[in-house]
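Chain letters run A, B, ... following the sequence lines, proteins first, then strands; residues in each count from 1. Computed from a predicted model, the values in this text were never measured in an experiment.
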Amino acid sequence: QKEVEQDPGPLSVPEGAIVSLNCTYSNSAFQYFMWYRQYSRKGPELLMYTYSSGNKEDGRFTAQVDKSSKYISLFIRDSQPSDSATYLCAIDNAGNMLTFGGGTRLMVKP
Amino acid sequence: IAGITQAPTSQILAAGRRMTLRCTQDMRHNAMYWYRQDLGLGLRLIHYSNTAGTTGKGEVPDGYSVSRANTDDFPLTLASAVPSQTSVYFCASSDRTSGNNEQFFGPGTRLTVL
């Protein structure tokens, strides 16, 4: 079992839909949780960062962490075609390494 | 502000050749990283450096070497390239003194080994 599991998609939604992207992890030592967005042929860019259970909101994006279930989510409200990208969850155990999920490809259709 | 730059953007290389991928950051971050990204396997850490003068091995270090002579530069060398090293390579950096590991990525180098 991989330490971080993420459905690869693709996930196709109409413009304006609420998108839910999810990751599960196996190591309870993980402390910090991040979401990256990666456009085609570009490097990943950090979207959200959190270290506690609960919700963190930034504009149309909400990151949710449930440490008891080892489950993290990213919600996108009022999705736009410009949100079409691959979304990577990344988890840090406070050591030297981030462990990345494989990424979920999202397509928002106008 | 450039952030992280990588060179070359892409490269086709014959197997057995030596290749150095360059990475420079202007954020004065103490930590730097090299990842490879392969379809279905996600991002995997090759090597890292927590501070100038020190380096460490990541998940997939075999066939790669790094050096960290100063804060800004972190080159990755393939001593004798093999086709399985065909991948997209990303350099990243983070400010570990801030207590977290938010990593900022460069634009990547697409490497094809024939």
Side-chain angles (χ1 to χ4, degrees), chain A residues 1-10 21-27 29-52 56 58 61 63 65 72 74 85-106, chain B residues 2-7 9-10 21 23-25 27 29-51 54-61 66 68 87-96 98-111:
Chain A
Q1 181 191 8
K2 291 182 182 178
E3 282 198 296
V4 182
E5 297 275 4
Q6 189 175 6
D7 188 330
L21 304 165
N22 308 296
C23 285
T24 58
Y25 62 94
S26 58
N27 190 339
F30 289 144
Q31 298 183 18
Y32 304 94
F33 307 90
M34 305 171 201
W35 284 97
Y36 284 82
R37 178 176 62 196
Q38 185 176 22
Y39 290 114
S40 180
R41 293 186 165 264
K42 301 289 186 183
E45 57 176 324
L46 184 66
L47 266 182
M48 302 282 287
Y49 173 90
T50 183
Y51 64 91
S52 61
K56 181 178 181 179
D58 184 2
F61 299 90
V65 176
I72 65 172
L74 178 70
T86 296
Y87 290 80
L88 302 153
C89 62
I91 305 179
D92 180 13
N93 65 355
N96 292 307
M97 293 173 60
L98 287 185
T99 302
F100 283 86
T104 299
R105 185 177 163 214
L106 172 66
Chain B
I4 298 179
T5 57
Q6 292 185 236
T9 302
S10 64
L21 308 184
C23 174
T24 300
Q25 53 110 355
M27 297 176 283
H29 285 168
N30 55 338
M32 296 186 75
Y33 313 84
W34 274 105
Y35 292 88
R36 59 178 290 173
Q37 188 174 36
D38 303 287
L39 195 64
L41 297 175
L43 282 160
R44 293 181 293 168
L45 183 66
I46 304 170
H47 284 288
Y48 66 91
S49 170
N50 286 330
T51 189
T54 68
T55 62
K57 294 182 179 180
E59 181 184 356
V60 288
V66 292
R68 186 90 184 275
S87 187
V88 182
Y89 290 87
F90 289 101
C91 180
S93 71
S94 68
D95 177 13
R96 296 303 300 269
S98 65
N100 62 54
N101 196 9
E102 297 177 51
Q103 295 185 12
F104 298 87
F105 284 79
T109 294
R110 290 184 170 272
L111 181 66

**Study point:** Non-neighbouring partners of Y89(B) that pass ring pair (Phe, Tyr, Trp, His ring centres under 6.0 Å), sequence neighbours left out
**Key:** Y64(B)
Check your understanding: Does any heavy atom of chain B fall under 4.5 Å from the side chain of P44(A), the backbone, both, or neither of them?
Key -> both
Check your understanding: Given that the side chain runs from C-beta out, which part of Q6(A) has a heavy atom under 4.5 Å from chain B: side chain, backbone, both or neither?
Key -> neither
Review point. Going through the checks in order, is the side-chain contact (heavy atoms from CB on, under 4.5 Å) test met by R36(B) and V60(B)?
Key: CA-CA 9 Å; R36(B) 59 178 290 173; V60(B) 288; 4.2 Å; yes
Exercise for review: Step through it carefully: locate the ring centre of F104(B), locate the ring centre of H29(B), and say whether they are under 6.0 Å apart.
Suggested key: yes
Exercise for review: Mind ranking G42(B), A31(B), S94(B), P107(B) by heavy-atom pairs under 4.5 Å with chain A and telling me who comes out on top?
Suggested key: P107(B)
Point to revise | Q37(B) versus chain A, the contacting section by heavy-atom distance below 4.5 Å | key: side chain
Check your understanding: Is any NZ, NE, NH1 or NH2 atom of the basic residue among D58(A) and K56(A) found under 4.0 Å from an Asp or Glu carboxylate oxygen of the other?
Key -> no
Practice item. Give, for atom CG of L43(B) and atom CG of D38(B), the distance between the pair rounded to the nearest 0.5 Å. Key: 9.0 Å
Review point. With only heavy atoms counted, which part of R44(B) is less than 4.5 Å from chain A, the side chain, the backbone, both or neither?
Key: neither
Point to revise | Largest heavy-atom contact set with chain B, pairs under 4.5 Å, which of E45(A), M34(A), Q38(A), R41(A) | key: R41(A)
Exercise for review: Select one option (side chain, backbone, both, neither) describing which atoms of Y36(A) are under 4.5 Å from chain B's heavy atoms.
Suggested key: side chain
**Study point:** ring-ring contact (aromatic ring centres under 6.0 Å, His included) partner of Y35(B), the single match among F90(B), F105(B), Y48(B)
**Key:** F105(B)
